[in-house]
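The structure under discussion appears below in the form of structure tokens.
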Protein chains: 2
Amino acid sequence: MTADRDRRRATIHDVARHAGVSITTVSHSLNTKGIVAAATRQRVLDAAAALGYSPNPIARRLRGNRLGVIGLVIRPLDSLETYQPEGVDYFVRFVGAAAVESLDRGFGLMLVRDPTKQNAPAIALGVDGFIVCDPVGNDPVIELLDRSDIPLVTVGRDIERPNFENWLESGGVTDATVVFEHLSAQGAKRIALVTGTDDNAWYADSMQAYAEWILAHPQDAIVYHQDETTGETGGRVVADAMLADARGLPDAVYFLTGRGAAGLQARFQERGLEIPRDLLIVAGSDAEQTRSAVPTITSVDLAPEETARAAVDFLLRRLDDENAVAPPPVQNTLRVRGSTTRPSA
Amino acid sequence: MTADRDRRRATIHDVARHAGVSITTVSHSLNTKGIVAAATRQRVLDAAAALGYSPNPIARRLRGNRLGVIGLVIRPLDSLETYQPEGVDYFVRFVGAAAVESLDRGFGLMLVRDPTKQNAPAIALGVDGFIVCDPVGNDPVIELLDRSDIPLVTVGRDIERPNFENWLESGGVTDATVVFEHLSAQGAKRIALVTGTDDNAWYADSMQAYAEWILAHPQDAIVYHQDETTGETGGRVVADAMLADARGLPDAVYFLTGRGAAGLQARFQERGLEIPRDLLIVAGSDAEQTRSAVPTITSVDLAPEETARAAVDFLLRRLDDENAVAPPPVQNTLRVRGSTTRPSA
DNA sequence: CACGATTAGCAAATCGTTTTGTAAAAAGCT
DNA sequence: AGCTTTTTACAAAACGATTTGCTAATCGTG
């Protein structure tokens, strides 16, 4: 089952010898560079085919060419000490779609941890380009890649880097406004917002949209921040905090993380509230927990697949043209479900 | 925001010049090879730190060292003309867990399409090792990697390669037997088996277990094969075929793909059967569709996360020790749900 | 002080490509 | 024939590391 002869992979030298020419001529023939007589070129091609030769991508890259790999960093997963993506629906779907799109375009997709960390695989800085998903403010990963002259594209902007332009919109002001309008249409008068604790654009934009909404529709500002890594438990904690709040309960909650929203709903139900009769709930990202909760929870579908494809496409365009411009934002949609559908309506 | 000077990344030569030594000494100092005076070594280390030097992984790899990347090929996704992983629960979870485990061990995980195909990224053959998930019989990918002397580990064996030993068990004879026993305990007397059309070990082992079961518990052999890429639609097709079968309906169906099982159940319900009263259903792999169907469908949990971690660990061990031996099979469990739970029971 | 053993450090080869510069051969022109 | 131009092909220099010899310098020891 092992290689019959211990013959290593054929190199350009083998092809040259086999065709009776120099390695220069081989290289030129294969890459249609330089000037090579048609007959010679054919001879080289035949020799290459006979030997099953394919150029070594590593050697090629060393000389300055492309490796055919793009790196993907998912920041929110990164910041955790122990990577724990289970149930993090959005990222799993994002990775899958990004992989497919890259592969279809002839690139491998490499998943990498924060490349600024010491134990990061060294190859991280050898790839052709990077996609950074949901960077934090003044993200050191952007800093590093930028300094290393590696093209990069982010999904969601770095809120502390107004001059950085290579980013795609991913959920933002409009999304949040659509949610508030929906809640309002369902009769909500006191809307609460719950974000995570990361310093990213998604949270910042949602906060801003909330502030603007309140200005136009006066009510108490009810905002909670809950560490996104706490998942459903975190949602329960927020529910308890709301129940203990002297200002009284809101009549609608916009919880940005899907798992958190599910935990919040479950805890409120345990404490005797009926959803959606007593309280409306919307999750800012769709997740299995929002789809399988009872009642099912209205969620923003952030369209991770489409976003991933757009990100890969944008990066690949930038590889060829440094000045390629970002595509228009991906259209997200609100999936209205049981948690905001009053039986009467 | 761009690099202030167009200073490229520092090389070993820069460090050597800065420290006033030769590049040999730099290399030796950094890798603690050779013999270097403590003072010199410190000087080199300081210079390297001052310049922010880190060795170029590509150059390193060219000389024969490790790249720090492992490749992952998911065969069932590969065989499709258009990669379409949506809803394929098992693989998405597998990829996520494999990525985490690799990253934690200092390796990047690169997703690759069938590297035997022409348009595959060239780098595919430059990685340190490969994991191939669910190889088909006499898999050309194994052939290629083996010939290229790239260490590889498969999840599920290649059924036509009895001598190939570097594989992990993934669902097999035991799983299927457990399912048949469960169905039998719930009163089933005519069990049908539905596999996909791929030529892999999972299907083959299930077929064999079925054959053995029938031998011990005489009944008609009712076996269907349905292209796994057809998803829920495929499940409906099988249901219709069973309804049209002159031998009459089975009283239990073991459908290996989760989406297929969900489609089958839905179609039977449309045609007036009540599940589980009239027919028991078990899915061979868990999926969102089996969890959210009504009733929920009993499924085998193939433990993709644990399997992925075991595969990465096995491969990494084999990188260091060619003779490392495969770990024991991962324990799968049967998640009993509504589709096989008779209210009476 | 002479001698072998050890310690330090360097030049050069190597990995497999691409690219640059140059020389030889062929062709074109008076 | 003698000269310039165009073709064709090659040798050699990158790319950035690791590793192999080899030469000095230092150290013990009798």
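This structure is a prediction, so every number in the text was calculated from the model and none was measured. Proteins get letters first, then strands, A, B, ... in listed order; numbering begins at 1 in each.
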Looking only at side-chain N and O atoms, does [X] come under 4.0 Å of OP1 or OP2 in [N]?
{"X": "B/Tyr53", "N": "D/dA17", "answer": "yes"}
{"X": "A/Lys33", "N": "C/dT19", "answer": "yes"}
{"X": "A/Ser27", "N": "C/dT18", "answer": "yes"}
{"X": "B/Arg60", "N": "D/dG16", "answer": "no"}
{"X": "A/Asn31", "N": "C/dT18", "answer": "yes"}
{"X": "B/Asn56", "N": "D/dC15", "answer": "no"}

Starting from [atom2] on [N], measure out to [atom1] on [X] and report it in whole angstrom.
{"X": "A/Arg61", "N": "C/dT17", "atom1": "CZ", "atom2": "P", "result": "16 Å"}
{"X": "B/Arg66", "N": "D/dT18", "atom1": "CZ", "atom2": "C1'", "result": "16 Å"}
{"X": "A/Ile12", "N": "C/dT19", "atom1": "CD1", "atom2": "P", "result": "11 Å"}
{"X": "A/His13", "N": "D/dC10", "atom1": "NE2", "atom2": "P", "result": "13 Å"}
{"X": "B/Leu51", "N": "D/dG16", "atom1": "CG", "atom2": "P", "result": "14 Å"}
{"X": "A/Asn65", "N": "C/dT17", "atom1": "CG", "atom2": "P", "result": "12 Å"}
{"X": "A/Leu62", "N": "C/dT17", "atom1": "CG", "atom2": "C1'", "result": "8 Å"}
{"X": "A/Leu30", "N": "C/dT18", "atom1": "CG", "atom2": "P", "result": "8 Å"}

Are the charged groups of [X] and [Y] less than 4.0 angstrom apart, N to O?
{"X": "A/Arg317", "Y": "A/Asp321", "value": "no"}
{"X": "B/Arg43", "Y": "B/Asp46", "value": "no"}
{"X": "B/Arg105", "Y": "B/Glu101", "value": "yes"}

Is the backbone N or O of A/Ser27 less than 3.5 Å from a side-chain atom of A/Asn31, with the two atoms forming a donor-acceptor pair by type? yes
Checking the side chain of A/Asp146 only, and the main-chain atoms of A/Ile142 only, is there a donor and an acceptor separated by less than 3.5 Å?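 No; judged by distance alone, with no hydrogens or angles, the pair does not exist.
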Could you check A/Arg61, A/Arg66, A/Arg318 and say which one makes a salt bridge (Lys or Arg N to Asp or Glu O under 4.0 Å) with A/Asp128?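 In the set A/Arg61, A/Arg66, A/Arg318, the residue that makes a salt bridge (Lys or Arg N to Asp or Glu O under 4.0 Å) with A/Asp128 is A/Arg61.
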Grab the N/O contacts between the protein and nucleotides 9-13 of chain C below 3.5 Å, and write none if there aren't any.
residue	atom	partner	partner atom	Å
C/dG9	OP1	B/Thr40	OG1	2.8
C/dG9	OP2	B/Ala37	N	3.2
C/dG9	OP2	B/Thr40	OG1	3.1
C/dC10	OP2	B/Ser22	N	2.8
C/dC10	OP2	B/Ser22	OG	3.1
C/dC10	OP2	B/Thr25	OG1	2.8
C/dA11	N7	B/Thr24	OG1	3.4
C/dA11	N6	B/Thr24	OG1	2.7

A/Thr32 and A/Arg41 side chains, donor-acceptor separation under 3.5 Å: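 A/Arg41 vs A/Thr32: no donor-acceptor pair found between side chains.
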